[in-house]
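Mind looking over this structure? Questions follow.
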Protein chains: 2
Amino acid sequence: MRARIHARILDGTYGPGDKLPRDEDIANEFGCARSTVQRAMRDLSDSGMIERRRKGGTHVRFDPVTRATFDIPITRKEVENKGCAYDYQLISRSTLQTPRCIAANFGLPAPVEMMRVKALHLSDRQPHIYEDRWICTGTVPEIATVDLQRISANEWLVRNKPYSRCDIRFYTQQAGRHEARLLGIEPGEALFVTERTTWIGAEAITTVKAFAAPGYQLISRI
Amino acid sequence: MRARIHARILDGTYGPGDKLPRDEDIANEFGCARSTVQRAMRDLSDSGMIERRRKGGTHVRFDPVTRATFDIPITRKEVENKGCAYDYQLISRSTLQTPRCIAANFGLPAPVEMMRVKALHLSDRQPHIYEDRWICTGTVPEIATVDLQRISANEWLVRNKPYSRCDIRFYTQQAGRHEARLLGIEPGEALFVTERTTWIGAEAITTVKAFAAPGYQLISRI
DNA sequence: AAGTGGTCTAGACCACCTC
DNA sequence: AGGTGGTCTAGACCACTTG
């Protein structure tokens, strides 16, 4: 039943920008319950095909988008899932005032005190990802007691600190001398950079810039 | 009600790997209908927090993942949404046998005839994305009659060819001479590469490699 | 103010998968 | 084969938002 409603929209009965009938009318037309229509519509809405607004009705999106979903695992798991041996090295940790640009990542007007953690993730003994992270000691005081030689901040945070909001951005950057040395590559090679910033409620948790060695791929199947 | 169930799992009552009670038991405990529980569980399942299997029950995922969704718009729209002027140039189109590696993208054992389309998308007159695309003329015969000088294959396909499956991968690559010349940059600069391959049912539609000029970012907010 | 989608109920039946 | 989650129904009430 739900499949029929899906098909009806996919098949071109309604085109980009068109308004669909109210759920109840569709339910009558198909001879099914309104909640069944609601369920189908929710799926289409999740997939980015339609947009719904109370009182405004349901419209086929005017500009179709491809909505892709990616699972970003803990770095250790990502390596192990490839069948590679995982290693991890803490490079440095220190507590200091953030530069203004890091505070800005969190939408904070002024610098605050945070812990800065630099670390290297290895895959089969080869440098894999270098991460440069700031952790808000105000929101996550426990971090002071965590043995970051043994467990990466990445893993500890994912396992222990739920977040309510997360900004992610991907882009590329040529390796500078610093990154090249740590990753064992030549300066100028193309790095895959992942920036992630998380909050719990309005409280900042962490922001991290992860530099992946060339060859890194992000994959999604829909 | 749904929020209470969400909270219950987030707050650590159940940890990674734990088995949750059956939906019906949870419903009794909370004094709500089973379908309400089912709905809450579905959300958690969609977000990657739990895994459900018929007869197997519901488990908190052992290895938490960050699940991010990205909207990938039509390139023209992506440029216009930034407030930039969009331009587009068809570089070449031809019909020929695919190399073996392109056929392999589709899981085809042998080369087939496809149309190859190279094109450049510009943002405020600056080269923005260079795409190198193969379109299956068997599945999409209409493409022969489309004026690809006026509308990009990207836009025409998204608007006219629904797909049932899509593989996407992102990675980086240093610009070669060819890409550098087209994008107006120096060889060696870091490109953001998007590879997309789509099917309708078992039929191949298109595969494309899009090279984005440095500065390109992919953004998601959760 | 009214019309639309969103949530919830109480119940039935189905489909899949593990045991 | 039985137990679990998945879909569906017919209905009620709620919440948002636009005209």
Side-chain angles (χ1 to χ4, degrees), chain A residues 1-11 13-65 67 69 71 164-165 222, chain B residues 1-11 13-65 67 69 71 164 221-222:
Chain A
M1 186 91 286
R2 190 165 101 227
R4 275 177 60 196
I5 303 179
H6 275 176
R8 178 65 157 273
I9 290 170
L10 281 169
D11 75 5
T13 303
Y14 300 103
D18 286 358
K19 177 166 187 166
L20 274 64
R22 316 156 41 212
D23 289 4
E24 198 173 341
D25 291 342
I26 294 188
N28 289 335
E29 187 188 337
F30 281 83
C32 68
R34 184 169 82 87
S35 32
T36 304
V37 176
Q38 154 81 21
R39 177 78 166 76
M41 291 299 189
R42 169 171 241 282
D43 284 355
L44 290 167
S45 179
D46 283 349
S47 79
M49 182 157 315
I50 62 174
E51 277 176 335
R52 321 192 79 204
R53 261 172 313 182
R54 287 165 148 127
K55 164 87 182 184
T58 302
H59 293 259
V60 178
R61 269 184 90 122
F62 195 77
D63 291 301
V65 294
R67 185 161 289 175
T69 307
D71 282 350
S164 55
R165 182 180 151 210
I222 302 177
Chain B
M1 187 93 282
R2 192 165 100 225
R4 275 176 61 195
I5 303 179
H6 275 176
R8 178 65 157 274
I9 290 170
L10 281 169
D11 75 4
T13 303
Y14 301 103
D18 287 358
K19 176 164 188 169
L20 274 64
R22 316 157 40 214
D23 290 5
E24 198 173 341
D25 291 343
I26 295 188
N28 289 334
E29 187 188 338
F30 281 82
C32 68
R34 183 169 84 87
S35 32
T36 305
V37 176
Q38 154 81 21
R39 176 78 165 77
M41 291 300 189
R42 168 171 240 282
D43 283 355
L44 290 167
S45 179
D46 283 347
S47 79
M49 182 157 316
I50 63 173
E51 276 177 336
R52 322 192 77 203
R53 260 172 311 183
R54 287 165 150 132
K55 167 85 182 182
T58 303
H59 294 258
V60 178
R61 270 183 88 121
F62 196 77
D63 291 302
V65 294
R67 185 160 289 175
T69 55
D71 283 350
S164 56
R221 168 179 294 184
I222 302 176

Figure out the CZ/C1' separation between A/Arg42 and D/dC8, and round it to whole Å.
17 Å
Proximity to the side chain of A/Met1 - top-ranked nucleotide from D/dG5, C/dT9, D/dC8
D/dC8
Rounding to a whole Å, what distance do you find between A/Met41:CE and C/dT7:C1'?
17 Å
Rounded to whole Å, how long is the line connecting atom CG of A/Asn28 with atom P of C/dT4?
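Distance check: A/Asn28 CG to C/dT4 P gives 13 Å.
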May I ask you to test the B/Arg2-B/Arg42 pair for a side-chain heavy-atom distance under 4.5 Å?
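Answer no - side chains too far apart.
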Verify the neighbour count for atom CZ of A/Arg53: are there more than 12 heavy atoms of other residues, nucleotides or ligands below 6.0 Å?
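Counting neighbours around CZ of A/Arg53, 12 or fewer heavy atoms of other residues, nucleotides or ligands fall under 6.0 Å, so no.
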Kindly say whether, by distance alone, the side chain of A/Arg39 makes a donor-acceptor pair under 3.5 Å with the base of D/dG6?
no
Rounded to the nearest 0.5 Å, how far does CD1 of A/Ile26 lie from CD of A/Glu29?
7.0 Å
Figure out the CD/C1' separation between B/Glu24 and C/dT9, and round it to whole Å.
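Atom-to-atom, B/Glu24 to C/dT9, this comes out as 14 Å.
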A/His59 has an atom NE2; how far is it from atom C1' of C/dT4, in whole Å?
11 Å
Measure from CD1 on B/Ile50 to P on D/dT4 and round the result to the nearest Å.
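Distance, rounded to whole Å: 16 Å.
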In this structure, how many angstroms lie between the P atom of C/dG5 and the CG atom of A/Asp46, rounded?
16 Å
Within less than 4.0 Å of OP1 or OP2 of D/dC16, is there a side-chain N or O belonging to A/Arg53?
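A/Arg53 to D/dC16 OP1/OP2: no side-chain N or O under 4.0 Å.
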Presence of donor-acceptor pair under 3.5 Å, side chain of A/Arg34 and base of C/dG6:
yes
5′-ward residue of the pair B/Pro21/A/Val37 relative to DNA chain D
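Going by which nucleotide is closer to the 5' end, it is B/Pro21.
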Looking at A/Ser35, does any N or O in its side chain come under 4.0 Å of the phosphate oxygens OP1/OP2 on D/dA10?
no
From B/Asp46 atom CG to B/Met41 atom CE, the distance as rounded to the nearest 0.5 Å
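Here the interatomic distance stands at 13.0 Å.
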Candidate nucleotides D/dG5, C/dC8, C/dG5, ranked by approach to the side chain of B/Asp23 - the nearest:
D/dG5
Which nucleotide in the list C/dT9, C/dG6, C/dC16 gets nearest to the side chain of B/Arg54?
C/dC16
B/Gln38 side chain N/O closer than 4.0 Å to the phosphate oxygens (OP1, OP2) of D/dG5?
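For D/dG5, neither OP1 nor OP2 has a side-chain N or O of B/Gln38 closer than 4.0 Å.
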Sub-4.5 Å side-chain heavy-atom contact between A/Gln38 and A/Arg52
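Of all side-chain heavy-atom pairs linking A/Arg52 with A/Gln38, at least one is under 4.5 Å.
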Upstream residue (5' side of DNA chain C) when A/Arg52 and A/Lys55 are each assigned their closest nucleotide:
A/Lys55
Spacing of A/Ile5 atom CD1 relative to D/dT7 atom C1', expressed in whole Å
12 Å
